[in-house]
Colleague: 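So that we are looking at the same thing, I have put the structure below in structure tokens.
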Amino acid sequence: MQYFEASSKAAIVAEQGSDKFMKFALINAKDIMQRPTTKDLAKAAGVSRATVDRVLNNREGVKKHTVDRVNKAIEELGFVRNIQAANLARSQRYRFVFALPRSGDLFLEEIIRHINEANETFAADLIWCDAEHINENDPHSISAFLATLDASETTGVAIMAPESPQVRDAIYRLQQRGVAALPFIADQSSMEEHWVGTNHTAAGATAATLIGRFSARAHGAVLVISESMRSRDSLERRIGFDAELNRYFPHLTALPSLETYGDEARAEQVIQNALKNNPDLVGVYILSSEARIPLTILNGIGGTSSLIKIVHERTPFTETALREGKLDAVIAQDPGHLVRSAVRKLKAITDKRVAKGSQERIRVEVLMRTNI
């Protein structure tokens, strides 16, 4: 009897849910049917549908005053073009290239994994993504690589490289050839409108806040380690770190940045020297995206277990270090969100649309042992 009553209630709930779904579907269908069409645009602008199609697809052969009339009709009618349907009609396909550094560790592996996943995620939009490796320390070779990309084979490129005049000019020439481009994680000042990544200054300030709070007012020095201070993300993190530490935690002194250049032998030497020459160390901030080498060296040296350690980016290594208590916090940016946002932004640039800012904002996340 109880089973029958429960089943009856479940059926009623299911029926009510179905009614709500049908009501929503009918409202949505009605909304779609009431949207202005290209026929409505042609009538409002006083032109043929063929002319409207040429204007929407930015084809040549339409006089400026005619283009203005069509655009005015678009604005007045609130016309929204169905990009996906238009792309399917003309078999529009997208190939997006991620230009990534040659040298890299676990974080770069996470990025590549999500690039491969994007091929499945965006398959319905006829999008294909792949990764190409560049020498991030040689702006001339980066420029030469970007010069090989042609609009007939490449729709857009997301570039993870330090800012330089050579890279800036190569990106400009790339755009002139009709290839969409945006900075990926490593910002370029000339393209701040389209870049994908977190606010590096805020991320550095967050690291300073964590070390300052964890230090419990103990006086001492903070060791700052980076692969290279030539990269804009490292520079901005350092600026945010210093500003926050100097203003709110004057009992702590940030030491000059140590650059490892991704070399394990060099990293071991400079870290050991820093520990030897600064016995009052309170904490360590690894501001580059790869923390495995410097953190492994630190944890292998006796007497460092009490140091506060803050690093960037969630990887299998930093997750394990958090769980084992060898790391206090990770300041992260979701690699999956980074890749998906880059794809959506490149597609929006190609389709001459504006991507939704709220959807593409990459948040600064703080991960600890308790929330990973």
Colleague: So does Glu153 pair up with Arg93, basic N to acidic O under 4.0 Å?
Modeller: no
Colleague: Checking Ser231 against Ser234: is there a side-chain donor and acceptor pair closer than 3.5 Å?
Modeller: yes
Colleague: For atom CD of Glu120, is the number of surrounding heavy atoms from other residues, nucleotides or ligands below 6.0 Å larger than 12?
Modeller: no
Colleague: Between Leu295 and Lys309, is a side chain to side chain contact (heavy atoms under 4.5 Å, CB included) present by the stated rule, with each step listed?
Modeller: CA-CA 8 Å; Leu295 192 59; Lys309 302 181 185 76; 3.6 Å; yes
Colleague: I'd like to know if Lys72 pairs up with Glu75 as an ion pair, taking the criterion as any Lys NZ or Arg NE/NH1/NH2 lying under 4.0 Å from an Asp or Glu carboxylate oxygen.
Modeller: no
Colleague: Would you compute the distance between atom CG of Leu298 and atom CG of Leu223 and round it to the nearest 0.5 angstrom?
Modeller: 7.0 Å
Colleague: Counting distance only, does the side-chain N/O of Ser164 pair as donor-acceptor with the main-chain N or O of Val167 below 3.5 Å?
Modeller: yes
Colleague: Look at the rings of Phe96 and Tyr94 and say which category their plane angle falls in: under 30° parallel, 30 to 60° tilted, over 60° perpendicular.
Modeller: tilted
Colleague: Name the atoms and distances for all side-chain donor-acceptor pairs under 3.5 Å in residues 238-247, with sequence neighbours left out.
Modeller:
| from | atom 1 | to | atom 2 | distance (Å) |
| --- | --- | --- | --- | --- |
| Arg238 | NE | Asp242 | OD1 | 3.0 |
| Arg238 | NE | Asp242 | OD2 | 3.1 |
| Arg238 | NH1 | Leu255 | O | 3.0 |
| Arg238 | NH1 | Ser257 | OG | 2.7 |
| Arg238 | NH2 | Asp242 | OD1 | 3.2 |
| Arg238 | NH2 | Leu255 | O | 3.0 |
| Glu244 | OE2 | Thr209 | OG1 | 3.1 |
| Asn246 | ND2 | Asp242 | O | 3.1 |

Colleague: With hydrophobic residues grouped by side-chain heavy-atom distances under 4.5 Å, do Val179 and Tyr172 end up in a single group?
Modeller: no
Colleague: Using a distance-only test with no angle check, is there a side-chain donor-acceptor pair under 3.5 angstrom linking His312 and Thr318?
Modeller: no
Colleague: Could you grab the distance from atom CD of Glu259 to atom OG of Ser226, nearest 0.5 Å is fine?
Modeller: 6.0 Å
Colleague: Following the transitive rule for hydrophobic clusters with a side-chain heavy-atom cut-off under 4.5 Å over Ile, Leu, Val, Met, Phe, Trp and Tyr, establish whether Ile127 and Val196 coincide in one cluster.
Modeller: yes
Colleague: Verify the distance criterion only: is there a donor paired with an acceptor across the side chains of Glu365 and Gln333 at less than 3.5 Å?
Modeller: no
Colleague: Please say whether more than 12 non-hydrogen atoms of neighbouring residues, nucleotides or ligands are located less than 6.0 Å from CZ in Arg113.
Modeller: yes
Colleague: His133: what forms a ring-ring contact (aromatic ring centres under 6.0 Å, His included) with it, not counting sequence neighbours?
Modeller: none
Colleague: Would you indicate whether Arg177, at its atom CZ, is surrounded by more than 12 heavy atoms from other residues, nucleotides or ligands within a distance under 6.0 Å?
Modeller: yes
Colleague: Could you check whether Glu136 pairs with Arg102 (Lys NZ or Arg NE/NH1/NH2 to Asp/Glu carboxylate O, under 4.0 Å)?
Modeller: no
Colleague: Verify the distance criterion only: is there a donor paired with an acceptor across the side chains of Arg95 and Thr154 at less than 3.5 Å?
Modeller: yes
Colleague: Using a 3.5 Å cut-off and no angle test, enumerate the donor-acceptor pairs between side-chain atoms of residues 273-284 and protein atoms at least two apart in sequence or in another chain.
Modeller:
| from | atom 1 | to | atom 2 | distance (Å) |
| --- | --- | --- | --- | --- |
| Asn273 | ND2 | Gln269 | O | 3.3 |
| Asn277 | ND2 | Asn273 | O | 3.0 |
| Asn278 | ND2 | Ala274 | O | 2.9 |

Colleague: Counting heavy atoms not belonging to Arg369, are there more than 12 under 6.0 Å from its CZ?
Modeller: no
